[in-house]
Each structure stands twice: as C-alpha cells, then as structure tokens.
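Notes for the one structure printed next.
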There are 2 protein chains.
Amino acid sequence: MHNLLSNFRVDVNPSLYLKDPESSSLGQNIIKSSIDLIDLHGIEEFNFKKLAKEIGSTESSIYRYFENKQRLLLYLSSLYWGIMEFQLVMETNSMKAGMQRLMKAVEVLFSTPKLNYSSFKLDGAKLRHIINSEFVKAYHNKHVDEQNKAGYFSIYKRLVLRISELINDVNASYSYSNSLSSMIIEGSLNQYFLSEHFHSLTDCHSEDNLYLFYEDLLTKTLKQ
Amino acid sequence: MHNLLSNFRVDVNPSLYLKDPESSSLGQNIIKSSIDLIDLHGIEEFNFKKLAKEIGSTESSIYRYFENKQRLLLYLSSLYWGIMEFQLVMETNSMKAGMQRLMKAVEVLFSTPKLNYSSFKLDGAKLRHIINSEFVKAYHNKHVDEQNKAGYFSIYKRLVLRISELINDVNASYSYSNSLSSMIIEGSLNQYFLSEHFHSLTDCHSEDNLYLFYEDLLTKTLKQ
DNA sequence: TAAAATTGATAGTTTTACTATTAAATTTGC
DNA sequence: GCAAATTTAATAGTAAAACTATCAATTTTA
C-alpha cells in the first residue's frame, strides 16, 4: 500500500547539524537510537558516549553529525513539529474556514504522529513523548535569542502562526489569536506531562479528554 | 509603617535543604546572591563555585546548605509560590465567591510579588523572572516522581488546587477546573517567556494585556 | 572560657562534554 | 578494478562541572 508520507521530507534547518543524518546509515542510527534513549531516560541522562555504545560506534563519530546533544534535541524537535505541520496541512487545507477546521487541526496536533517518511522509520509515540517532556528545555536556555535568530525554531513558530490564522478565520475580531494558539500547543504538551506526573493537576487523562477540554474552551472563547 | 508580610514565613519543605538558609547570614547570602546570579545568567551557567566567589565564601560551605543547585532552584520556587499563595489568600479570602474573586486571584498571580517577609529582603522582580524562565526545568527532570512523592512541589500544587476551587465556585458544573487552573498558571509563565523571546507568538506584552486575555477567556469559558 | 558548631582553605575524585590524531574501512570517480 | 577521497573507529587527552574529604580557623553557645 502506498503511503502518502513516504516521499515527504521535513526541511530541518541545516545549521542544526554538521552532517546530514539522513545521508548515511550511521546518521540514521544516531537519530533512531537517540529517540530510544532519550525516551527511556530523559535528556539529562543522555549523552553521546552512551549513544555511541548503543549503536556500536564512537563518541567522536557522533560529534561529526551534531555539535552537541542540545542541537540534536532541536533537530528532533524540528522533525516532530515538521511532521505535525505536514499532517495538519494535509488534513485541513481542503476544509472550509471555520470552527470545524480549527478543531480538526487541534485533533491532528493531539494525536500521535504517523512517522513513515523519507529515509527514517521513526517511532511516533516515542518522539511525541520526548517532545512532551523535553521540548521546553530546548528553548529555555541561555542562547534562545541567538538560536531563534539563527532560525532553529522556525518550523515550530510557523505552526503556531498557522493555528493563529485558523483562529482568526473563526473569529476575526478576537484579539489574542497568537496567545491562544501558543497556549493550545504548549498547553497540550503540559497537560500530557501533568497527566503523567501530577495527576491531580489536570482533568485530561486521555487524548479524547484533552480534545474535549480544548473544544469547550475554543468554542466558548471564539463564539461571536 | 508596619508591613503585613513582615512576620510571614513560607514553610518550605525542610528536605529541600540540608541546613536552613534562613538560620544564618551565610544562608541568607546564598539565597540573595543565587537569585541575582540565576536571574542574570540562567540556571545552566550558574554553579556553586561562582556563587561562592560572589559571596566571598567557598563551594564546600554552600554544599552544607544545599545538596545541589537543582534543590536550590526548588527551594527558590517554593519560596516564590508560597509568597504568591499568601498574597492570593490575603487578597481574596474576604471576597464572596464568584468571577470577581477569581479575577482578583489571577491579578495577584500576574503581578510582581512584594517580598518583604521574614529574614529575607528579596527582589521580587528577579525571583519572578527566574520562575518564568527556569521553573519548568525544576520539574521536567528524571526524578520528578520521587521528588513529587517527597513533597517538593506541594506548595505549587496547593496553589493550583486553590485556583481550581475558585473556578468551581464560579461554575460548579464546569468539568475541567484542574486543567484550566494549571493552564492559567503555567500558561502565564509561558506567555511572559514568549513575550521576552518569541515576540510574534503572543499578544500579551504587558501584565495588563495578559490579564485581559485571561479575563476574556475565563469569563466566556465559565459563563453558564 | 571551654566545648560545640560553623566556616574557610585546600585538595582531590568522578563524570561530562568535547577535541585531536591516526589508522582502518568504505565509498567514489575513472 | 583500483587509486583517491571520504568516512568511521580507536584511542587518548583536556577542561570544566559536580561533588567529597579533611582539617584548621573562627564564631557561637552554654
């Protein structure tokens, strides 16, 4: 069966890597196994030494692909948000503007990404878990501003602005579309995290519940 | 003029420190200067060696107060949320249940804390800035679950649940008070951060705007 | 003022993050 | 199919961070 995504490739900012990990099997192993390891033990416990051991390579070989693990995390984040953006566009671009389209976008955002694209075969659930627990650390750092200027977050930002536009399409007079959009996206990461670690601080313990929470919120907030 | 807060003390979980920093002038210097340094350079660049140099003490002396810088950050977070909770209770407990009280609580949460309490004289704006940029890192780590079990986040959690109750008072049939509460609190940290580093992703570039955004959101969401 | 507790000075260990060098293996161009 | 170019592996090493240990000097307290 032909897969719609099989010829799709996220154009990750090339300055995030030193050598394109898609271009070699070592590179692909780096991506695949880093997802496994970060998913399992978190970014703090993760380092290139452990990754090298895991894939039967060496630290110095990995350093030829990525300057450091922070860049690798940014690469994985771009991959994730790029895939999300692609799926979102695919699912919503034929719909007519309005609440239904916005909610379809939200639905896509909250569902596990289907990752069968380009040269990678990646585990969508693991990648999503990484983003849920580690993405905030990707931009809460001393170098945000220069990294932002270098375009390391551009895919993510484009996605936020896409949702802003969908919000504007629903209600053009609403004044906080950017804040609402970023709140939905980052908020959803946070609600997943809360459900896993601070059960009492959220009511959303399933994708469905999260969807209903936001549906209620958006419907009421954007009603004219 | 007598200050209402001058005899108030946040009961930070004692297992967050090895020796109570309020009990000595070295301890108070540790708190004061760590706020200065983390505010200035972020938690990654901060370490006990630099802090020791700053206050004219030694690394080993600081290690007698805190096991590591992560615990110190959790201590500062507890201090912050404890002060916020105190101010919130002070300002709202005499009000009658309803939207006005909820919005007063939100107003308190979004304003810079007034820190003149107990033995510390702390800079509220700096502490708030630290929380805005570093608090997410305080719980996005490998040891969340055991730290949560040890009660390291209890003040913060209590605050979220207080807001949940205020929400329930406004609309008892609303099903997502916990999610809405955590979304408001963490979301506000995030909106501050976005305003500072990702200008285009938010519409809230002042305390007032942030307040209006949430006022609109809460009013519409909780209307019966 | 003696005992107890705290702090300072110094030094050392382990781990992480990263760099350098060279040989072996693999790929590529012809 | 082979020489040249590139990539990878193996090894070693540095610098800084994150602690730990020891003991003398100072301060507190009883």
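The structure displayed is predicted, hence computed values, not measured ones. Order of the sequence lines fixes the chain letters, A, B, ..., with proteins taken first and strands second; residue numbering starts at 1 for each chain.
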Atom pairs, N/O to N/O, protein against nucleotides 23-26 of chain C, distance under 3.5 Å?
none

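Residues from residues 134-143 of chain B that place a heavy atom under 4.0 Å from any atom of DNA chain D: there are none.
The aromatic ring centroids of B:His197 and A:Tyr139 lie 6.0 Å or more from each other. Residues A:Tyr176 and B:Phe213 place their aromatic rings such that the two centres sit under 6.0 Å apart. Two rings, from B:Trp81 and B:Phe135, have their centers less than 6.0 Å apart. For A:Tyr156 and A:Tyr80, the ring centers are positioned 6.0 Å apart or more.
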Dot-bracket, DNA chain D: Watson-Crick or G-U, under 3.5 angstrom, [ ] crossing, | other strand? ||||||||||||||||||||||||||||||
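A distance-only check finds no donor-acceptor pair linking the side chain of B:Arg162 to the backbone of B:Ala105 [under 3.5 Å]. The backbone N or O of A:Glu22 lies less than 3.5 Å from a partner atom in the side chain of A:Gln28, making a donor-acceptor pair.
Residues that satisfy the ring-ring contact (aromatic ring centres under 6.0 Å, His included) test with A:Tyr192, not counting sequence neighbours, are absent from this structure.
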Can you build the contact string for nucleotides 15-30 of chain D? Use B for base contact, S for sugar-phosphate-only contact, and - for no protein heavy atom under 4.0 Å. --SSBBBB--------
Give every donor-acceptor pair under 3.5 Å between a side-chain atom in residues 46-53 of chain B and any protein atom, sequence neighbours left out.
unit_1	atom_1	unit_2	atom_2	d
B:Asn47	OD1	B:Lys49	N	3.1
B:Asn47	OD1	B:Lys50	N	2.8
B:Lys50	NZ	B:Glu45	O	2.6

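Side-chain contact between A:Leu161 and A:Asn178 is present, with heavy atoms from C-beta onward closer than 4.5 Å. With contacts defined as side-chain heavy-atom distances shorter than 4.5 Å, the pair A:Tyr75/A:Ile31 qualifies.
The distance between atom CD of B:Gln28 and atom C1' of C:dT7, rounded to the nearest whole Å, is 16 Å.
Rounded to the nearest 0.5 Å, atoms CG (B:Leu166) and NZ (B:Lys104) are 13.0 Å apart.
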